[in-house]
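Only a predicted model underlies this, so the values are computations on that prediction, with no experimental measurement involved.
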Protein chains: 2
Amino acid sequence: MKEGPDIAHVAALIGDPARANMLTALMSGKALTVSELAEEAGVTIQTASSHLSKLDEGGLLRPRKQGRHKYFSLANDEVAHVLEGLMGLAAGSGHLRKRTGPKDAELRRARVCYNHLAGDMGTQMFDSLIAQSHLILDGDDLNLTRSGQAFVTDLGIDLTDLRKNKSPLCRECLDLSERRSHLAGSLGRALLSRFEDLSWARRDQKTRVVSFSANGAKEFEQLFSVG
Amino acid sequence: MKEGPDIAHVAALIGDPARANMLTALMSGKALTVSELAEEAGVTIQTASSHLSKLDEGGLLRPRKQGRHKYFSLANDEVAHVLEGLMGLAAGSGHLRKRTGPKDAELRRARVCYNHLAGDMGTQMFDSLIAQSHLILDGDDLNLTRSGQAFVTDLGIDLTDLRKNKSPLCRECLDLSERRSHLAGSLGRALLSRFEDLSWARRDQKTRVVSFSANGAKEFEQLFSVG
DNA sequence: TTCATAGTTCGACCATAATCGAAGCATCTG
DNA sequence: CAGATGCTTCGATTATGGTCGAACTATGAA
């Protein structure tokens, strides 16, 4: 009767409150165990286990067993991307769960989107990379130019290492709430973790807030100035 | 307890099969009425109405009243973007709905889109009308030229009758799966019904297939040759 | 006006699936 | 080994929400 991918199934998976809570918890990029996710979602471990196996079957999660623990993380960047999109839609339609605490400003400024940098600083970095011609956007493809390769190598990132990875190096991740793009893919991931290594930034696992140190913010501003 | 946008609510909206069908139908970019969407989703009009008001409340749709019709389209391209992402996820996890039935070839060739002709023959007709300068496309507006007026009058269509109608005479209807336009509006409607009057074509209400008779196909080909 | 068509609202029915208790595996520790 | 911890499976209960018939409103046509 109908044609095309079964979008309803995937959406229904995300559409349950308990599962949605688990997925948002996983947006921090950190792998979590069944018990932790149960706590996040406010359900018992049995229920959580059932939910998680459904999410796994649906291809949204990547499970890893380690001893008697089972760690779950988001399956890939695409999943994170869709989740961010849904957050944008929910926020746009004024369907925020009331909570305009002080953390919101920080979240808008810099936050973790799965495992790369999002928020104002994320889009600033993206725009700056484009403006400096370190990245070029070709249709849907995003390519690192020669100067961009030098730039990130200078920053201390091993590109040949990254390329071993099967996942794409650069990816555009659209932040719907701001209608701006930021950088995902293995390079986006590497940049964020490099910022952490350099002690420029530190991420709060609980809230997805990325807080930059005074020095880190200065260095960042210098590297990714706009205009 | 929880923080952030209520992603579960939006996802649950998309997660119902009937609603998902409606949304995918609206991915064509065309505004559809409640009845059409009910047909798309395979539910009754009451059910469709209920679903649509929920989708509207959720900010996913943009409703427009036109006479006694109520047209729905996607609220904005952010919604479409999220839907695309979900399709990607569903496709990626091998959750495709099987798609190649025997009727599909017929549907691709000629089908009813609301009440005008779509499919290959629909786009052929559109292209031919443009090529013969019977129609000119001016931005978003589609205008019937003097020669076009003579052309359709020759075909036995009463234009003054059509113009009484408040609905636009010509409308472009984009078929995204083929990325081609075909002719909608009251003229598109009139053309299809004229084909039926002339016994050139007959439409199957169940499947939306439009089947041309041998003679009808020949006449059609002669009128709307391409090149 | 009267009839027809498009859509909404109400109410009742029913199916799906979320939930948790209890029991069962698996893995680590002493 | 026994005991503890992390997780899964089974079964029963429950509630949410999708569905349609029927009645109602609104717009257009004759």
Contact summary for B/Ile14 and B/Ala20, nearest pair of heavy atoms: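 Closest approach of B/Ile14 to B/Ala20: O-CB, 3.4 Å.
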
Minimal non-hydrogen separation, A/Thr24 against A/Met87, with atom names: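 Looks like CG2-CE, 3.1 Å.
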
Would you please indicate if the ring centroids of A/His81 and B/His81 are separated by under 6.0 Å?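 Ring-ring flag for A/His81/B/His81: true, centres closer than 6.0 Å.
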
Atom-pair distance ([atom1] on [X]; [atom2] on [N]), nearest Å:
X: A/Glu57; N: D/dT9; atom1: CD; atom2: C1'; value: 14 Å
X: B/Leu13; N: D/dG18; atom1: CG; atom2: P; value: 9 Å
X: B/Lys54; N: C/dT8; atom1: NZ; atom2: P; value: 13 Å
X: B/Tyr71; N: C/dT5; atom1: OH; atom2: C1'; value: 13 Å
X: B/His9; N: D/dT16; atom1: NE2; atom2: C1'; value: 13 Å
X: A/Leu37; N: D/dC7; atom1: CG; atom2: P; value: 9 Å
X: A/His51; N: D/dT8; atom1: NE2; atom2: P; value: 13 Å
X: B/Asp16; N: D/dT19; atom1: CG; atom2: P; value: 5 Å

Within less than 4.0 Å of OP1 or OP2 of [N], is there a side-chain N or O belonging to [X]?
X: B/His69; N: C/dT5; answer: no
X: B/Lys70; N: D/dA26; answer: no
X: B/Ser49; N: C/dT8; answer: yes
X: A/Arg19; N: C/dA18; answer: yes
X: A/Ser35; N: D/dG6; answer: no
X: A/Thr44; N: C/dT19; answer: no

Touch class at under 4.0 angstrom, heavy-atom based, for [X] against every strand present:
X: A/Ser53; answer: nothing
X: A/Lys65; answer: nothing
X: B/Ala48; answer: nothing

Aromatic rings B/Phe195 and B/Trp200: how do their planes relate, parallel, tilted or perpendicular, breaks at 30° and 60°? parallel

Please pick, from C/dT8, C/dT19, C/dC28, the nucleotide with the shortest atom-to-atom distance to any side-chain atom of B/Ile45.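 The answer is C/dT8, which lies nearest to the side chain.
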
Under 3.5 Å, is there any donor-acceptor pair linking the side chain of A/Gln46 to the base of C/dG21? yes

So does B/Gln132 have more than 12 non-hydrogen atoms from other groups sitting under 6.0 Å from CD? yes

Report the residue (B/Arg68 or B/Leu52) whose heavy-atom-nearest nucleotide on DNA chain C is the more 5′ of the two.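 Nearest nucleotide further toward 5': that of B/Arg68.
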
